[in-house]
Enquirer: 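I have a structure here, written as structure tokens, and I will follow up with some questions on it.
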Amino acid sequence: MNETNELPKTYDPSGIEDKWYKTWEESKSFKPVANKDKGTYTILMPPPNVTGRLHMGHALDHTVQDVIIRFKRMQGFETLWVPGQDHAGIATQAKVEEKIFKEEGKTKHDLGREEFLKRVWDWKEEYGGHILEQFKKLGNSCDWDYFTFTMDEGPSKAVKKFFVDMYNEGLIYQDNYIINWDPKLQSAISDAEVDHKEVAGKFYHIHYKVKDSNAVLEVATTRPETLFGDTAVAVNPNDDRFEHLIGKKAIIPICNREVTIVADEHVDMEKGTGCLKVTPGHDFNDYEIGKRHKLEIINLINSDGTYNDNAKPVEGLNSKAARKKTVELLEEAGQLVKVEDHTQQVGHSQRSGEIVEPMVSKQWFLNTQKMAEISVKEVENEKMSFFPKGWENTYYSYQKNPRPWCISRQLWWGHQIPVYECSSCSHQWASEQDADSCPKCESKEVKQDQDVLDTWFSSGLFPLSTLGWPDEQAMQEKGFDKFYPTDTLVTAFDIIFFWVARMMMMSNKVTNKSPFEHVYIHAIVRDKDGVKMSKSLGNVIDPLDIIQQYGCDALRFTLAVSSGYNRNINLDTEKIEGYRNFINKIWNAFRFISPNLENANDKGFEIADLHHHEKWILSELNDVTKKVTHSLEEYRFDDACNQIYAFVYDKFCSWFIELSKGILSSENENLKTQRANVFKYCFKHIMKLIHPITPFISEEIWTYLKTEDESLLISQEYPMYKEEFCFNDDVYNMEKFIEIITSVRNLRNSVNVKPKEEIDIRLFTDDEVLARYLFKSRGYLKELANVKAGKIKDKSVERPEKSIMRATAHTEIFVPLEGIIDIENYVQKLGNDLKKAEKEFEKVEKKLKNPKFIENAPDNVIAEVKEKASGFEEQVKSIQNSLTMFES
RNA sequence: GGGCGUUUAGCUCAGCUGGGAGAGCGCUACCCUUACAAGGUAGAUGUCGGCGGUUCGAUCCCGUCAACGCCCACCA
């Protein structure tokens, strides 16, 4: 053959992908182009941790964002996709600590704060960039010039500014309060960082003696070791059993301390023994009870989780050992009544996995009461919306009952709290600038608070800080006013509280505007059996492996086609392979039209000259364009992909290309040119439609299609629906034509006539318009079904004998057959057809005979049903006639 | 304890405001037909979780039961 051979038979993405990414970057295609008439469109990328590695979750998250941003860019928006990275306080510090200890046997304390931080920065410089390079393999069209690290100067300024403002407003304050303490990290963590896991534990029933009384209180607890910190015993005020004891003293076993018996509504009479030991220092509820009754707080636990000398008998032991020891002591004292099995919910640190110790400690808090109210209202008033909408419940549940957010962490890696204290006069103040003297007494003895801020404090400000806030000049340079608020945030449900809510609260506080209009919550990627991917299970699918094996476009298409409003994606490599095949199909469709492109001229085509097949495919293309655009705007990537897939595969390849082979191999230069023009037009259009999803192959093919004036596909205009390309009659006729061809093929198949064998057919229809159309199309019938030109007659004419037939609602197709055919098989098949048609007919008949249906149903529905009924009736009659011929 | 979600073809899932059950993969038969065997043609498969209700009509709305999954909640 000829030119086709220049293009490889299968599409090979390797090489092509890197080439195009580089080209896009060099041509600055990812940068916003000013003065677009549609305005701006901004997406903020959820910043990955510096310690992160690319996984399928990123691949999905970024595919979705890149699809949106490429789509909007082509639609004519001034688009900006802002990439960033998070310093991830705890995770990073832990990683570097471990590395240093492994390699040098040193702890961070051995190095000192300054040296240790230097090491973390070194580590960040060396490894932090890895994941960003991996992102590029996904085709992300983000503007790397906007790249922001949460510890950069900009975000640091933002953090300080926000902190100082909140401090001065009194919303940030320092308090002794019960917090979650992670004894492994030796830091406070926020409520959100605690996971409650079910643990098989024990219920210990302990006797507390009552002073000056013979009464004994039976107290039930899961944590007997905390009895050293008890400062009360509580009962319900309405509980008759204990009423007479309220106000008396109970004696704590082992340490024999006296505490008051108090009445508190919190105590559940049904639960346990109805009698509660109160340890305000180490239990959230007890802390509240303690506050109500002004109880003393006794701290029992050191920062490493061991017990201190307030619990002398168990001093130096950790919780587990202390519990064992305490139980032994209770037994010895004869005050342990019984031990029951009990399943309980125990808080574990999300980061370290360690059991969290509730502990009273001096920490910094942000009062989020008012901010949470506003961010709830913003969603209620649809200033910000979730897609799918259901996720707003999750968002509300987090925000409607906000507790003060503990923002201080006893770590080194992070934003150090910008609060200073004077050792001379004890004055405390917050400052955006480093302070070296006290503003009150001018003493030089000032010290900055040693703690750092929760990582989410800086990422919560990311929509602002990535665009330059609070630095006026930076804001101008980065176009804060243009790009803020951003448009859509794309993320997974698990950080709705951590991140989405915090951004909402903080950004609204600063700007009185929500930081984004839409939040699209995508699914979680699991393995093919629906199990979460994890290293230990060995079921991880690495995006980079997939890209290497199947190409990035195949991966992107698979992820996009799996993304709608669903919660899970069960990723199967077979599925990716399937869509890889689709990518290859596109490649081959292009290979087919490629040699004909020379015939295309630059003038294109006139609508008046179009062949009915051309009108049909243009009309279908027009239709799919409308649907795809709509689906993308609704974040229905699944629908958008399926629309494109069905059009390319079932309409364009299976029919339009097949129907065009005759013309393209003919000598008719006019027709050939015309068809080549239409092919070129369609293919360019398809490449534009699919580009946001599969950017690489589309950009590659585009180079063969574009005119000299046209630039890269990435910056072309997205196709739009055009009224003048809507040809309903041609679509209608084509549908019938396809039905007839399919029926003929079905008939051949039913009697095992080989594809190569030419057969004769007769068509009978009473639809005159269709008859004319079929006559016009007889050549195509011949080509596509390998039939001799058949005759088209109306149904009054005698049917041929010795024929097999198939009936549609509008046309009977007869194939006269000489010789031996598989009659039995055929008759059975015909019988099945009859049964089906009869069943359908009965169904609609029944409806039409129901007077209530006629009375109540809308006219258009009745008309539809009537039309169907007559169609099925025709079909039934035709098949019955034919069957009687065979039976006789 | 509270809340949310899921249940549709062998598998994974789509079905918008109620009006003849869909896709991909897999499966079966035939075919190396001049873009593609990573292909072509044709085909089979569903009490739409159970029960009850509303309606002329329910996969869709209401009630109820069941199974599975997830999230939140202070470790009596």
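Chain identifiers are assigned alphabetically (A, B, ...) following the order of the sequence lines, protein sequences preceding nucleic acid strands; residue numbering begins at 1 within each chain.
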Enquirer: Mind jotting down which residue pairs meet the ring pair (Phe, Tyr, Trp, His ring centres under 6.0 Å) criterion with at least one end in residues 266-287 of chain A? Sequence neighbours excluded, please.
Expert: A:Tyr177-A:Tyr287
Enquirer: Between B:C56, B:C25, B:A21, which nucleotide has the shortest distance from any of its atoms to the side chain of A:Lys843?
Expert: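 Of all the options, the side chain of A:Lys843 is nearest to B:A21.
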Enquirer: Within less than 4.0 Å of OP1 or OP2 of B:G26, is there a side-chain N or O belonging to A:Lys575?
Expert: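 Negative; the distance criterion is not met.
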Enquirer: For the side chain of A:Lys756, counting heavy atoms from C-beta on, which of B:C32, B:A35, B:G24 is nearest?
Expert: B:C32
Enquirer: Under 3.5 Å, sequence neighbours excluded: what are the donor-acceptor pairs made by side chains of residues 548-571 of chain A?
Expert:
residue: A:Asp553; atom: OD1; partner: A:Phe696; partner atom: N; Å: 3.2
residue: A:Asp553; atom: OD2; partner: A:Ile697; partner atom: N; Å: 2.7
residue: A:Arg556; atom: NE; partner: A:Ile693; partner atom: O; Å: 2.9
residue: A:Arg556; atom: NH1; partner: A:Asp66; partner atom: OD2; Å: 2.8
residue: A:Arg556; atom: NH1; partner: A:Leu138; partner atom: O; Å: 2.8
residue: A:Arg556; atom: NH2; partner: A:Asp66; partner atom: OD2; Å: 2.9
residue: A:Arg556; atom: NH2; partner: A:Pro692; partner atom: O; Å: 2.8
residue: A:Thr558; atom: OG1; partner: A:Ala554; partner atom: O; Å: 2.6
residue: A:Ser562; atom: OG; partner: A:Thr558; partner atom: O; Å: 2.6
residue: A:Ser562; atom: OG; partner: A:Lys575; partner atom: NZ; Å: 3.4
residue: A:Ser563; atom: OG; partner: A:Leu559; partner atom: O; Å: 2.9
residue: A:Tyr565; atom: OH; partner: A:Glu634; partner atom: O; Å: 2.5
residue: A:Asn566; atom: OD1; partner: A:Gly564; partner atom: N; Å: 2.9
residue: A:Asn566; atom: ND2; partner: A:Ser562; partner atom: O; Å: 2.9
residue: A:Asn566; atom: ND2; partner: A:Asn568; partner atom: O; Å: 3.1
residue: A:Asn568; atom: OD1; partner: A:Arg526; partner atom: NE; Å: 2.6
residue: A:Asn568; atom: OD1; partner: A:Arg526; partner atom: NH2; Å: 3.4

Enquirer: Using the benzene-type ring in the case of Trp, are the ring centres of A:Tyr11 and A:Phe590 under 6.0 Å apart?
Expert: no
Enquirer: Between B:G22 and B:C48, how many Å separate the two C1' atoms, rounded to a whole number?
Expert: 12 Å
Enquirer: Among B:G15, B:G5, B:A35, which nucleotide sits nearest the side chain of A:Arg636?
Expert: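 For the A:Arg636 side chain, the nearest candidate turns out to be B:G15.
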Enquirer: Work out how far the C1' atom of B:G40 is from that of B:U34, and round it to whole angstrom.
Expert: 14 Å
Enquirer: Whole Å only: how far is the CG atom of A:Asn568 from the P atom of B:G69?
Expert: 12 Å
Enquirer: What is the base-pairing partner of B:C4, counting Watson-Crick and G-U wobble geometry with both distances under 3.5 Å?
Expert: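 Because both required distances fall under 3.5 Å, B:C4 counts as paired with B:G69.
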Enquirer: Considering just the side-chain nitrogens and oxygens of A:Arg748, establish if one lies under 4.0 Å of OP1 or OP2 belonging to B:U33.
Expert: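 For A:Arg748, the contact criterion (side-chain N or O under 4.0 Å from OP1 or OP2 of B:U33) is not met.
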Enquirer: Angle class for the A:Tyr780/A:Phe737 ring planes (parallel below 30°, perpendicular above 60°, tilted otherwise)?
Expert: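 Perpendicular, since the angle between the ring planes exceeds 60°.
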Enquirer: Quick one: what's the B/S/- string for nucleotides 39-46 of chain B, heavy-atom cutoff under 4.0 Å, read 5' to 3'?
Expert: SSBSSS--
Enquirer: Between A:Ile593 and A:Thr273, which has a closest nucleotide on RNA chain B that is more 5'?
Expert: A:Ile593
Enquirer: Assign the ring pair A:Phe582 / A:Tyr649 to parallel, tilted or perpendicular, where the plane angle (0 to 90°) is split at 30° and 60°.
Expert: parallel
Enquirer: Counting side-chain heavy atoms from CB outward, which of B:C32, B:C56, B:G19 is closest to A:Asn850?
Expert: B:C56
Enquirer: I'd like the P distance from B:G5 over to B:A14, given in whole Å.
Expert: 14 Å
Enquirer: Starting from P on B:A23, measure out to CD on A:Glu574 and report it in whole angstrom.
Expert: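 To the nearest whole Å, that distance equals 19 Å.
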Enquirer: Which nucleotide in the list B:C70, B:A35, B:G19 gets nearest to the side chain of A:Cys653?
Expert: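 In terms of side-chain proximity for A:Cys653, the closest of B:C70, B:A35, B:G19 is B:A35.
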Enquirer: Taking for each residue the nucleotide of RNA chain B bearing the nearest heavy atom, is the 5' side occupied by A:Ile355 or by A:Arg526?
Expert: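 In this pair, the answer is A:Arg526.
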Enquirer: Quick one: A:Ile644 CD1 to B:G24 P, roughly how many Å, whole number?
Expert: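 Distance, rounded to whole Å: 16 Å.
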Enquirer: Verify the contact: side-chain N or O of A:Tyr645 to OP1 or OP2 of B:A14, cut-off strictly under 4.0 Å; return yes or no.
Expert: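 No, outside the criterion.
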Enquirer: What nucleotide, of B:G19, B:C75, B:A14, holds the atom closest to the side chain of A:Asn566?
Expert: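 Ranking B:G19, B:C75, B:A14 by closest atom to the A:Asn566 side chain puts B:A14 first.
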Enquirer: Could you measure between the two C1' atoms, the one in B:C68 and the one in B:C62, and give it in whole Å?
Expert: 24 Å
Enquirer: If you measure only the distance, is there a donor-acceptor pair under 3.5 Å linking the side chains of A:Glu874 and A:His810?
Expert: no
Enquirer: Counting only side-chain N and O atoms of A:His196, is one of them less than 4.0 Å from OP1 or OP2 of B:C72?
Expert: no
Enquirer: When the C1' atoms of B:G19 and B:A35 are considered, how many whole Å apart are they?
Expert: 43 Å
Enquirer: For the residue pair A:Tyr579 and A:Tyr645, does the interplanar ring angle fall in the parallel (under 30°), tilted (30 to 60°) or perpendicular (over 60°) class?
Expert: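 Perpendicular.
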